Amino acid sequence: MSVCNITCPVCGGKGGFRKIKKDMYDTNWTDCLYCNRYGFIEDKTSEDECRDYLIYENYKSKIINELSNVASVDTYISDIIGKDLYIKISVEPKERNKWVNLVKTLLKFSHYSKTVDIIPKQVFFYTEEGNHHIYWELNISMLSLKDLEGLYDIIKMYNTTL
């Protein structure tokens with residue numbers, strides 16, 4: 001495990017903050033207690049974890065970019081990096097047929113894949129005004145990060161055939 005230094009998120013790497021002088025003998029500097037005036041903090045993340053995080057973020061952004069061609073992606077939350085991907089999607093009524101066909105395609109992929117499991121959910125709820133709102137959730141579980149490559153290819157192929 002390698003230890004690398006990252007910039008302190010509190011002081012931004014300066015080691016402290018400027019303050020307003022009360023008198024001429026007062027210094028104009030307050031030390032940052034979070035990094036102990038160093039400006040950097042130790043990050044004990046291994047290189048493999050950093051690499052996995054970058055690969056995961058790359059696949060996640062590519063998948064969300066492709067999904068945004070069919071529907072509007074509201075939020076996405078990563079529960080466990082490299083194992084789960086949770087995507088919340090708001091689908092407009094004019095795009096509903098495209099979205100349903102894409103979900104069918106993803107379910108077929110999930111059924112025949114031994115490494116990726118996709119669970120789509122359609123959520124209905126009523127607002128205080130009495131209107132109903134619909135959104136979709138995609139829960140994607142995988143054994144390894146490389147399994148997202150096939151999922152990305154399926155979504156990309158679907159978008160090119162539209």
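Just so you know, residue 1 is the first one in the sequence shown, and it goes up from there. Computed from a prediction, not measured in an experiment: that's the story for all the values here.
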Peer 1: Yes or no on side chain to side chain contact (heavy atoms under 4.5 Å, CB included) for Leu102 and Asn159, after CA distance, side-chain angles and deciding distance?
Peer 2: CA-CA 9 Å; Leu102 177 61; Asn159 283 336; 5.5 Å; no

Peer 1: Go through the steps for Leu106 and Ile155 under the test side chain to side chain contact (heavy atoms under 4.5 Å, CB included), then give the verdict.
Peer 2: CA-CA 8 Å; Leu106 293 177; Ile155 297 170; 3.8 Å; yes

Peer 1: Under a single-linkage definition using a 4.5 Å side-chain heavy-atom cutoff for Ile, Leu, Val, Met, Phe, Trp and Tyr, are Ile134 and Val100 assigned to the same hydrophobic cluster?
Peer 2: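 Per the 4.5 Å side-chain linkage, Ile134 and Val100 are not co-clustered.
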
Peer 1: Tell me whether Leu85 is reachable from Phe109 by hopping between hydrophobic residues (I, L, V, M, F, W, Y) whose side-chain heavy atoms are closer than 4.5 Å.
Peer 2: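 Same cluster.
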
Peer 1: How about Tyr112: does its OH atom have over 12 heavy atoms from other parts shown lying under 6.0 Å from it?
Peer 2: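 No, the 6.0 Å shell around OH holds no more than 12 heavy atoms from other groups.
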
Peer 1: Might you confirm whether atom NZ of Lys62 has over 12 heavy atoms from other residues, nucleotides or ligands at distances under 6.0 Å?
Peer 2: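 Atom NZ in Lys62 is packed in, count exceeds 12.
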
Peer 1: How long is the span from the NZ atom in Lys121 to the CD1 atom in Ile89, to the nearest 0.5 Å?
Peer 2: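 It comes to 13.0 Å.
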
Peer 1: Could you state the interatomic distance from OG (Ser110) to CE (Met142), rounded to the nearest 0.5 Å?
Peer 2: 11.5 Å

Peer 1: If we ignore hydrogens and angles and just use 3.5 Å, is the side chain of Asn65 paired with the main-chain N or O of Ser61 as donor and acceptor?
Peer 2: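 Such a contact is absent between Asn65 side chain and Ser61 backbone.
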
Peer 1: Given the rule in the side chain to side chain contact (heavy atoms under 4.5 Å, CB included) test, do Tyr135 and Phe124 qualify, once you have shown the distances and angles that lead to the verdict?
Peer 2: CA-CA 7 Å; Tyr135 68 88; Phe124 296 92; over 6 Å; no

Peer 1: Could you go through the side chain to side chain contact (heavy atoms under 4.5 Å, CB included) check for Val116 and Leu143 one step at a time?
Peer 2: CA-CA 7 Å; Val116 178; Leu143 294 179; over 6 Å; no

Peer 1: Tell me, do Ile119 and Leu138 make a side-chain contact under 4.5 Å, heavy atoms counted?
Peer 2: no

Peer 1: Taking Lys98's backbone N and O only, do any of them form a donor-acceptor pair with Tyr158's side chain (distance below 3.5 Å, no angle check)?
Peer 2: yes

